[in-house]
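Contents: one structure, followed by commentary.
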Amino acid sequence: MINNKEKYSQLIKTEAKRLGFLYCGISKAGFLEEEAPRLENWLNQNRHGEMHYMENHFDKRLNPTLLVDGAKSVISLLLNYYPSEFQNTNSYKISKYAYGQDYHFVIKEKLKELLDTIQSQIGEVSGRAFVDSAPVLDKAWAAKSGLGWIGKNSNLLTQQVGSFYFIAELIVDLDLEYDHAVTDHCGTCTACIDACPTEAIVAPYIVDGSKCISYFTIELKENIPTDMNGKMDDWMFGCDVCQDVCPWNKFSKAHNEPLFKANLEILSFTKKDWEEITTEVFQKVFKNSAVKRTKVEGLKRNINFLK
């Protein structure tokens, strides 16, 4: 006989699939014991650079029951963004996740619909949706929910589809059937460590965020350090190197989310086009894009550093 936990969990996973999510895994909400010392060491060693928000809400970051009253389950979801078309080879590079519309809005809508379905099918369930929008250790929860393992580049990896996907969560006050973590399949591979242009992967499974190209091009508000000259590999927004070289990403398949369809101007622009970008063009090209976060001044700073 199927119990309610099993029935509800199945309902949630079926609905997640209908909404276009790659995978859905569920884990019991509680304190992340293993992650606590890791996060503390990472912060103490200033691996977060100028990302001071990482120091905030330390307890909430490790315990979702402090974020959502009565939280019992963390529902983790993966949404593919791997593109079918890529940028012009004579171009400054933008991370693949930013080719289409801003993922925050796309995923928030899907999570809202998933929560609505849970509430209409199951009854009074309280919950909150999270997409990079609060102190939630999404990779840790996804790994705990059996969706993959955290690789040497600190990204969540899967044997089925690699790592080009977004991670999001619904934290709910509903008891569900919980999934189990999977084993690590990085083995002796060091492709990501060897390929990182700025040597940001300082040891297997440890990334110094303050040395990462994504940090320099998106998070850092001051000038990019001069010792990074010649090391940025033409990345003007984000960086995909450690994912591009990961052997598991040979299994990446193109997404089928219409809103992530690549903006053709992003794909066709040459270095010269980017160097001449105006505020008007920036606003037009990146109107609904995650790149807006860096603002035109930030993008120009990055391009000038690469020239």
Over 12 foreign heavy atoms within 6.0 Å of CZ, Phe86: yes

Are any of the side-chain heavy atoms of Ile75 and Ile12 separated by less than 4.5 Å? yes

Verify the cluster assignment for Val291 and Ile213: are they in a single hydrophobic cluster under the rule of side-chain heavy atoms below 4.5 Å apart? yes

Would you say the side chain of Phe216 lies within less than 4.5 Å of the side chain of Met232, judging by non-hydrogen atoms? yes

Please say yes or no: joined through hydrophobic side-chain contacts below 4.5 Å, possibly via intermediate residues, are Met236 and Phe282 part of one cluster? yes

Between Ser91 and Gln87 (side chain of the first, backbone of the second, donor and acceptor by atom type, cut-off under 3.5 Å), is there such a pair? no

The reported gap from OG in Ser289 to CZ in Arg293 (rounded to nearest 0.5 angstrom) is 12.0 Å

Should Cys242 and Asn155 count as side-chain neighbours, where that means a heavy-atom distance under 4.5 Å? yes

Counting N and O atoms only, with roles assigned by atom type, does the side chain of Ser252 sit under 3.5 Å from a partner on the main chain of Asn249, one being a donor and the other an acceptor? yes

Kindly give the heavy-atom pair with the smallest separation between Gly148 and Leu156, and that separation in Å. C-CD1, 3.7 Å

Pair Lys110, Glu257 - check side-chain contact (heavy atoms from CB on, under 4.5 Å), show working. CA-CA 11 Å; Lys110 289 181 187 290; Glu257 171 53 62; 2.8 Å; yes

Determine all donor-acceptor pairs shorter than 3.5 Å in which one atom belongs to a side chain in residues 16-33; sequence neighbours excluded.
{"unit_1": "Arg18", "atom_1": "NE", "unit_2": "Glu15", "atom_2": "OE1", "d": "3.0"}
{"unit_1": "Arg18", "atom_1": "NE", "unit_2": "Glu15", "atom_2": "OE2", "d": "3.3"}
{"unit_1": "Arg18", "atom_1": "NH2", "unit_2": "Glu15", "atom_2": "OE2", "d": "2.7"}
{"unit_1": "Arg18", "atom_1": "NH2", "unit_2": "Glu113", "atom_2": "OE2", "d": "2.9"}
{"unit_1": "Ser27", "atom_1": "OG", "unit_2": "Ser145", "atom_2": "OG", "d": "2.9"}

How long is the straight-line distance from CG of Asn302 back to NZ of Lys93, given to the nearest 0.5 Å? 14.0 Å

Can you find a pair of side-chain heavy atoms, one from Val241 and one from Trp235, that are under 4.5 Å apart? yes

Which atom names give the shortest non-hydrogen contact between Val182 and Gly146, and what distance separates them? CG1-O, 3.6 Å

Pair Ser95-Asp240, side-chain donor/acceptor within less than 3.5 Å: yes

Evaluate Gln243 against Ser163 for side chain to side chain donor-acceptor pair (under 3.5 Å), listing each step before the verdict. CA-CA 7 Å; Gln243 297 196 81; Ser163 64; 2.7 Å; yes

Between Val131 and Leu111, is there a side-chain heavy-atom distance shorter than 4.5 Å? yes

So if you build clusters from Ile, Leu, Val, Met, Phe, Trp, Tyr with side-chain heavy-atom gaps below 4.5 Å, do Leu114 and Val136 land together? yes

Can you find a side-chain donor-acceptor pair between Glu275 and Tyr92 that sits under 3.5 Å? yes

How far does CZ of Phe251 sit from SG of Cys246, to the nearest 0.5 angstrom? 10.0 Å

Heavy-atom nearest pair, Lys5 first then Leu176, reads CD-O, 3.8 Å

Yes or no on salt bridge (Lys or Arg N to Asp or Glu O under 4.0 Å) for Asp179 and Lys144, after CA distance, side-chain angles and deciding distance? CA-CA 8 Å; Asp179 297 298; Lys144 206 173 163 65; over 6 Å; no

For Lys261, is the NZ atom crowded, meaning more than 12 foreign heavy atoms sit under 6.0 Å from it? no

May I ask you to test the Leu67-Lys60 pair for a side-chain heavy-atom distance under 4.5 Å? yes

Strictly below 4.0 Å, N to O, side chains only: are Asp173 and Arg128 in salt-bridge contact? no

Mark yes or no for whether Asn288, through its side chain, and Gln101, through its backbone, hold a donor-acceptor pair below 3.5 Å. no

Any sub-3.5 Å donor-acceptor pair from Asn63's side-chain atoms to Asp59's backbone N or O? no

What is the minimum heavy-atom distance between Glu177 and Ser9, and which atoms define it? N-OG, 2.9 Å

How close do Glu169 and Ile167 get, heavy atom to heavy atom, and via which atoms? OE2-CG2, 3.6 Å

Taking atom NZ of Lys284 as the centre, does the number of heavy atoms from other residues, nucleotides or ligands within less than 6.0 Å exceed 12? no

Considering residues at least two apart in sequence or located in another chain, which fulfil the ring-ring contact (aromatic ring centres under 6.0 Å, His included) criterion with Phe166? Tyr81, Tyr103, Phe260

In chain order, what residues pass the ring-ring contact (aromatic ring centres under 6.0 Å, His included) check against Trp274, with sequence neighbours excluded? Phe269, Phe286

Are Phe105 and Leu259 close enough, and set up right, to give a side-chain contact (heavy atoms from CB on, under 4.5 Å), and what steps lead you there? CA-CA 10 Å; Phe105 304 114; Leu259 296 174; over 6 Å; no

What residues form a ring-ring contact (aromatic ring centres under 6.0 Å, His included) with His185, not counting sequence neighbours? Trp149

Can we say Lys292 and Asp102 salt-bridge, meaning some charged N sits less than 4.0 Å from an Asp/Glu carboxylate O? no

Do Phe58 and Glu40 have side chains that get closer than 4.5 Å, going by heavy atoms? yes

Are Tyr82 and Val161 connected into the same hydrophobic cluster when the rule is that any two of I, L, V, M, F, W, Y join if their side-chain heavy atoms are below 4.5 Å apart? no

Just distance, no hydrogens or angles: give the donor-acceptor pairs under 3.5 Å from side chains in residues 189-205, sequence neighbours left out.
{"unit_1": "Thr190", "atom_1": "OG1", "unit_2": "Asp194", "atom_2": "OD2", "d": "2.9"}
{"unit_1": "Thr198", "atom_1": "OG1", "unit_2": "Lys211", "atom_2": "O", "d": "2.5"}
{"unit_1": "Tyr205", "atom_1": "OH", "unit_2": "Asp184", "atom_2": "OD2", "d": "2.8"}

Using side-chain contact (heavy atoms from CB on, under 4.5 Å), reason through Trp248 and Gln159 one step at a time and then give a plain yes or no. CA-CA 6 Å; Trp248 291 110; Gln159 287 179 291; 3.6 Å; yes

Carboxylate-amine/guanidinium contact Arg38 Glu34, below 4.0 Å: yes

Any link between Val245 and Leu157 through a network of hydrophobic side chains (Ile, Leu, Val, Met, Phe, Trp, Tyr) touching at under 4.5 Å? no

Could you walk me through whether Leu11 and Ile122 pass the side-chain contact (heavy atoms from CB on, under 4.5 Å) check? CA-CA 9 Å; Leu11 166 81; Ile122 296 172; 3.7 Å; yes

Result of checking Thr217, Asn263, Ile266 against Ile94 for side-chain contact (heavy atoms from CB on, under 4.5 Å): Ile266

Atom pair CD1 (Ile206) and CG (Asn41), whose distance is rounded to the nearest 0.5 Å: 8.5 Å

Do Lys307 and Asn304 touch side chain to side chain, with heavy atoms closer than 4.5 Å? yes

Do Glu276 and Lys272 meet the salt-bridge criterion of a basic N to acidic O distance under 4.0 Å? yes

Can you tell me how far apart CG (Leu147) and CG (Leu78) are? Round to the nearest 0.5 Å. 4.5 Å

Can you name the nearest heavy-atom pair linking Ala143 to Ile150, along with the distance? CB-CG1, 4.2 Å

For residues 221-230, which side-chain donor-acceptor pairs fall under 3.5 Å, sequence neighbours excluded?
{"unit_1": "Lys221", "atom_1": "NZ", "unit_2": "Ile218", "atom_2": "O", "d": "3.1"}
{"unit_1": "Lys221", "atom_1": "NZ", "unit_2": "Glu219", "atom_2": "O", "d": "3.2"}
{"unit_1": "Asn229", "atom_1": "ND2", "unit_2": "Thr226", "atom_2": "O", "d": "3.4"}

Distance alone, cut at 3.5 Å: any donor-acceptor contact between the side chains of Asp69 and Ser126? no

